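A short worksheet on the structure shown next.
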Amino acid sequence: MEQEAEVSGRRRSELPGRLVSRRFFEQSPETVAPQLLGKLLVSVEAGRILAGRIVEVEAYLGPHSDPPDPAAHSHRGPTPRNMVLFGPAGYAYVYSIYGLYYCMNISCEREGLAGCVLLRALEPVVGVAEMARNRGLDESAPVRMIASGPSRLCLALGLTRPGHNGLDVASAGSSLQVREDDFAAPEVVVTPRIGIKHAVDLPLRFAVRGHPCVSGPKKLERWASNPST
DNA sequence: CTGTGGATTTGCT
DNA sequence: GCAAATCCACAGG
């Protein structure tokens with residue numbers, strides 16, 4: 001009898017949902033970003049599964065884009081830090097910020113085109129108690145405190161640049177994957193991006209309308225919405 | 001080689 | 001509302 005393949009100590013069938021195809025990520029970041037809402041980010045390490053539903057993202061455009069996106073890390077071309085963004089689609093770009101935190105993106109498009117999507121908030125789904133513990137939160141803390149914010153998300157899942165930068169999230173053997181279940185396509189709110197100094201008006205932030213785990217000011221809810229396409 | 005500042009979070013005023 | 005915490009990538013000389 002052939003034994004089912006494992007990922008980091010778990011049978012693959014134990015992971016929630018189904019793996020998202022690489023083809024999905026081989027599109028422009030503006031296209032990929034809203035469609036990531038409702039999908040699952042799944043981490044498997046040492047037999048431990050942590051997963052959250054993606055409820056808030058931002059698109060960052062590569063230097064080839066028109067108009068250009070000066071807020072993107074890839075804006076001035078490839079560097080040792082952002083090299084993953086210039087590789088193929090479906091890979092994790094994890095960078096450190098303010099010397100304290102990490103943020104996670106997924107590369108889009110294809111080799112040479114550095115568009116990406118920043119993951120800004122998750123609704124914890126699997127391993128909620130452990131995610132809370134990773135954040136130093138009490139068991140009684142509200143669930144929305146666990147992974148709402150790009151660096152809180154990384155803390156909750158234990159994502160770091162040394163441990164996770166360059167991982168393939170579209171591979172069944174990867175310890176970090178994007179997966180999808182039968183969750184209904186959510187209603188999407190589109191707003192400007194948060195925390196940047198350039199291209200502040202581009203409507204490239206996408207969030208699940210009204211979801212409690214979305215970060216940022218409530219006033220941004222008032223922007224135009226889209227049924228996802 | 002050095003200076004600058006950031007896709008953040010938290011805690012205090 | 002505001003500033004501190006705390007690192008290093010990278011642009012400029």
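Quick caveat: nothing in here was measured; it's all calculated off a predicted structure. Chain identifiers are assigned alphabetically (A, B, ...) following the order of the sequence lines, protein sequences preceding nucleic acid strands; residue numbering begins at 1 within each chain. Just so it is clear, the values below take in all heavy atoms, side chains as well, and ignore hydrogens, waters and symmetry mates.
A donor-acceptor pair under 3.5 Å is absent between the side-chain atoms of A:Ser174 and the main chain of A:Ser171, judged by distance alone. Of the possible polar contacts, one joining the A:Glu14 side chain to the A:Arg11 backbone as a donor-acceptor pair under 3.5 Å is found.
Checking the phosphate oxygens (OP1, OP2) of B:dT8, a side-chain nitrogen or oxygen of A:Arg120 falls inside 4.0 Å. Contact between the side-chain N/O atoms of A:Lys197 and the OP1/OP2 oxygens of B:dG6 is found at a separation under 4.0 Å. Using a 4.0 Å cut-off, some side-chain N or O of A:Thr79 falls inside it from OP1 or OP2 of C:dC10.
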Worksheet entry | salt bridge (charged side-chain N to carboxylate O under 4.0 Å, His left out) between A:Arg120 and A:Glu58, worked out | CA-CA 7 Å; A:Arg120 287 195 56 93; A:Glu58 286 175 357; 3.7 Å; yes
Fill in: Worked check of salt bridge (charged side-chain N to carboxylate O under 4.0 Å, His left out) between A:Asp138 and A:Arg133
CA-CA 7 Å; A:Asp138 188 82; A:Arg133 192 150 45 84; over 6 Å; no
Worksheet item: Does the pair A:Asp181 and A:Lys39 meet the rule for a salt bridge (charged side-chain N to carboxylate O under 4.0 Å, His left out), with working shown?
Response: CA-CA 7 Å; A:Asp181 54 14; A:Lys39 291 187 167 50; over 6 Å; no
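Spacing of P atoms, B:dG5 relative to C:dA3, comes out at 16 Å, to the nearest Å.
Cation-pi check for A:Arg193 over A:Tyr60 is met; the charged atom lies under 6.0 angstrom from the ring centroid and within 45 degrees of its normal.
When distances are taken from the side chain of A:Ile97 to each of C:dC10, C:dA5, B:dA7, the shortest belongs to B:dA7. Out of C:dC10, B:dA7, C:dT6, the shortest distance to the side chain of A:Leu100 is found at C:dT6.
At a cut-off of 3.5 angstrom, the base of B:dA7 holds at least one donor-acceptor pair with the side chain of A:Tyr95.
In summary, A:Glu56 and A:Arg205 engage in a salt bridge, as defined by a charged side-chain N under 4.0 Å from a carboxylate O.
The residue among A:Tyr98 and A:Arg76 whose nearest nucleotide of DNA chain C is located toward the 5' end is A:Tyr98. Both A:Glu58 and A:Leu155 sit near DNA chain B, but only A:Glu58 has its closest nucleotide nearer the 5' end. Each of A:Leu137 and A:Gly99 was assigned the nucleotide of DNA chain B with the nearest heavy atom; the assignment lying further toward the 5' end belongs to A:Gly99.
A:Ser96 comes within 4.0 angstrom of no nucleic acid atom, judged by non-hydrogen atoms across all strands. A:Arg135 comes within contact range of the sugar-phosphate backbone alone, with a heavy-atom separation under 4.0 Å but no base atom that close. Nucleic acid contact class of A:Arg81 (heavy atoms, under 4.0 Å, all strands): sugar-phosphate only.
Distance A:Tyr102 OH to C:dC8 C1': 11 Å, rounded to the nearest Å. Going from atom CE of A:Met145 over to atom P of B:dT10 covers 8 Å, rounded to whole Å. To the nearest angstrom, P of C:dC8 lies 16 Å from OH of A:Tyr101.
Both key distances under 3.5 Å define a Watson-Crick or G-U pair, and stretches of 3 or more such consecutive pairs in DNA chain C run B:1-6 with C:7-12, B:8-12 with C:1-5.
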